[in-house]
Amino acid sequence: MVATKINTNEQVYNVREDDSLSSQVAHVICVVLQRGLLAAGFGADKGLLMLHYTGYNNNKPVWELDFFEHLFLQEPLFTDREKVKGVFVLSDKNLVIPNDLYDENEAGSWLGRIHFTEPNDVILSYSLEEDNAQYIFSVPMSITELVKINFRKAALLPLPVYYFKNANKQGLYLQCLITGEQVCATLHNYSQLLWHRIFDYTSAEDIAFAINQLCIENHISPSDVSLNCNTTSAAEYDVLNELSRYFPALKDGSGGTIHARWDTAVSLAQQLFVCV
């Protein structure tokens with residue numbers, strides 16, 4: 001179901017028609033991204049029950065505090081805050097640093113040389129154990145404070161964390177997460193990290209061009225790359241359809257065939273849940 005309000009887009013997915021579905025939710029995860037929020041509810045058996053996505057138009061600031069404050073208070077899946085196990089943030093201001101080079105005291109300065117960071121941004125780090133590296137990313141302080149106030153027991157993690165925990169062990173493997181306005185892409189080769197980037201897009205052609213450029217830069221034939229995509233809502237389904245014209249073997253993030261509009265958002269939620 002998709003409901004469009006003034007400047008707001010709301011989408012709801014339920015695994016089945018059941019009036020008691022909400023009462024069966026035992027675990028919740030939250031995805032915070034530019035101009036949007038995805039909440040996923042899971043049962044006691046850890047099976048996905050529902051997805052709630054809300055986003056707003058790009059005529060407002062990227063991190064509109066009022067929007068996130070309102071959703072943290074009003075989203076039905078957040079009624080019992082103790083159930084929220086993890087909050088995943090997609091930040092395009094990030095840096096992967098090998099452990100041999102990592103200096104905790106200098107990491108923020110290094111990030112600031114590559115990306116423009118606001119004075120009140122919070123610099124966070126996450127250990128990528130399988131890649132022997134640190135993932136450094138910045139988040140607006142207003143967002144980190146909202147998370148601390150509302151979800152005291154929830155882990156605050158970079159959204160791409162599941163890329164690194166679930167890296168394919170064979171061949172060239174490009175994982176993409178497509179939101180309403182950004183793509184988060186990570187390329188591994190036999191579990192070796194080759195490339196990670198978050199970029200803006202306006203059409204499927206933009207994504208296909210970026211992937212082609214990535215292959216050229218790394219001397220790779222696009223036909224040798226397995227492309228798996230997740231999305232944050234059903235709204236990106238049309239983008240995936242267009243993208244499949246360029247990459248006919250495109251799969252969802254779990255490697256499955258994409259049949260329905262919500263398949264790739266379901267795949268995202270399931271992959272994120274195993275990280276908390």
Side-chain angles (χ1 to χ4, degrees), residues 1-14 22 25 28-41 50-94 115-124 137-161 177-184 198-202 230-237 239 261-262 264-265 268-269 272 276:
M1 179 181 74
V2 177
T4 302
K5 297 182 179 180
I6 297 176
N7 295 324
T8 303
N9 172 35
E10 299 179 6
Q11 302 173 49
V12 176
Y13 167 83
N14 294 321
S22 295
V25 173
V28 176
I29 62 171
C30 171
V31 174
V32 178
L33 57 147
Q34 289 189 6
R35 300 189 179 92
L37 184 147
L38 173 69
M50 59 182 61
L51 297 172
H52 294 175
Y53 174 83
T54 306
Y56 62 91
N57 296 338
N58 59 10
N59 59 350
K60 289 186 177 182
V62 171
W63 299 104
E64 178 64 55
L65 182 58
D66 289 347
F67 168 83
F68 292 101
E69 284 183 329
H70 175 77
L71 274 186
F72 278 26
L73 291 174
Q74 301 297 324
E75 165 56 49
L77 284 172
F78 298 158
T79 301
D80 186 347
R81 302 180 188 283
E82 299 296 313
K83 293 180 180 180
V84 180
K85 305 302 180 184
V87 178
F88 298 86
V89 180
L90 181 62
S91 170
D92 53 13
K93 302 173 184 179
N94 62 75
H115 302 282
F116 173 75
T117 57
E118 299 287 351
N120 62 346
D121 281 355
V122 177
I123 309 300
L124 302 173
F137 63 111
S138 72
V139 183
M141 182 179 291
S142 58
I143 299 299
T144 61
E145 290 302 309
L146 276 180
V147 172
K148 289 178 183 178
I149 293 170
N150 290 278
F151 311 123
R152 297 181 180 180
K153 295 185 177 181
L156 181 59
L157 303 168
L159 192 152
V161 63
L177 169 66
I178 301 175
T179 76
E181 55 188 54
Q182 290 187 308
V183 176
C184 176
I198 298 174
F199 57 91
D200 296 340
Y201 79 98
T202 57
N230 284 331
T231 63
T232 48
S233 77
E236 291 79 45
Y237 181 76
V239 175
R261 300 188 72 88
W262 280 100
T264 48
L268 171 67
L272 290 177
V276 296

Donor-acceptor contact below 3.5 Å, side chain Lys93 vs main chain Val139: no
Where does the angle between the aromatic ring planes of Trp63 and Phe68 fall among parallel (under 30°), tilted (30 to 60°) and perpendicular (over 60°)? tilted
When rounded to the nearest 0.5 angstrom, what is the spacing between OG in Ser233 and CD1 in Ile178? 11.0 Å
Is the shortest heavy-atom distance from the side chain of Leu90 to the side chain of Thr232 under 4.5 Å? no
Does the side-chain contact (heavy atoms from CB on, under 4.5 Å) test come out yes or no for Leu71 and Leu73, once each step is laid out? CA-CA 5 Å; Leu71 274 186; Leu73 291 174; over 6 Å; no
Exam field: side chain Glu118 to backbone Asn120, donor-acceptor pair closer than 3.5 Å: no
Angle class for the Phe78/Phe151 ring planes (parallel below 30°, perpendicular above 60°, tilted otherwise)? perpendicular
Where Phe67 and Thr54 come nearest, the two heavy atoms and their spacing: CZ-O, 3.5 Å
Minimal non-hydrogen separation, Ala154 against Gly86, with atom names: CB-N, 4.0 Å
For the student: nearest non-hydrogen atoms of Ser138 and Ser91, plus distance: O-OG, 2.6 Å
Indicate yes or no for a side-chain donor-acceptor contact from Tyr56 to the backbone of Glu64 under 3.5 Å, with no hydrogens or angles considered. yes
Could you state the interatomic distance from CD (Gln74) to OG1 (Thr79), rounded to the nearest 0.5 Å? 9.0 Å
So, does Asp121 use its side chain to make a donor-acceptor pair with the main chain of Thr117 at under 3.5 Å? no
Search all heavy atoms of Asn58 against all heavy atoms of Glu181 and return the closest pair with its distance. CB-OE1, 4.5 Å
Lys83 side, atom NZ; Lys153 side, atom NZ - distance, nearest 0.5 Å: 13.5 Å
Stepwise, does the side-chain contact (heavy atoms from CB on, under 4.5 Å) test hold for Ile29 with Phe88? CA-CA 8 Å; Ile29 62 171; Phe88 298 86; 4.2 Å; yes
What one should report as the nearest heavy-atom pair of Asn94 and His115 is O-NE2, 2.9 Å
Is the shortest heavy-atom distance from the side chain of Val239 to the side chain of Tyr201 under 4.5 Å? yes
Check for a donor-acceptor pair, side chain of Tyr13 on one end and backbone N or O of Ala234 on the other, with a separation under 3.5 Å. no
Measure across Leu37 and Phe72 and return the closest heavy-atom pair with its distance rounded to 0.1 Å. CD1-CE1, 3.3 Å
Would you call Gln34 and Thr179 a side-chain contact if the rule is heavy atoms closer than 4.5 Å? no
So does Glu82 get a backbone contact from the side chain of Asp80, meaning a donor-acceptor N/O pair under 3.5 Å? yes
Has Arg35 got a side-chain atom pairing as donor or acceptor with Lys60's backbone, closer than 3.5 angstrom? yes
Only one of Ile143, Leu156, Thr144 passes side chain to side chain contact (heavy atoms under 4.5 Å, CB included) with Val122; say which it is. Thr144
Run Leu51 and Leu38 through side-chain contact (heavy atoms from CB on, under 4.5 Å) and show every step you take. CA-CA 7 Å; Leu51 297 172; Leu38 173 69; 4.2 Å; yes
Treating His52 as the side-chain partner and Gln11 as the backbone partner, does any N or O pair qualify as donor plus acceptor under 3.5 Å? no
Which is it for Leu268 and Leu272 under the side-chain contact (heavy atoms from CB on, under 4.5 Å) test, yes or no, and what are the steps along the way? CA-CA 6 Å; Leu268 171 67; Leu272 290 177; 3.8 Å; yes
Any side-chain heavy atom of Val31 sitting closer than 4.5 Å to one from Leu159? yes
Any side-chain heavy-atom pair of Gln182 and Leu177 under 4.5 Å: no
Measuring from Leu157:CG to Cys30:SG, what's the distance to the nearest 0.5 Å? 11.5 Å
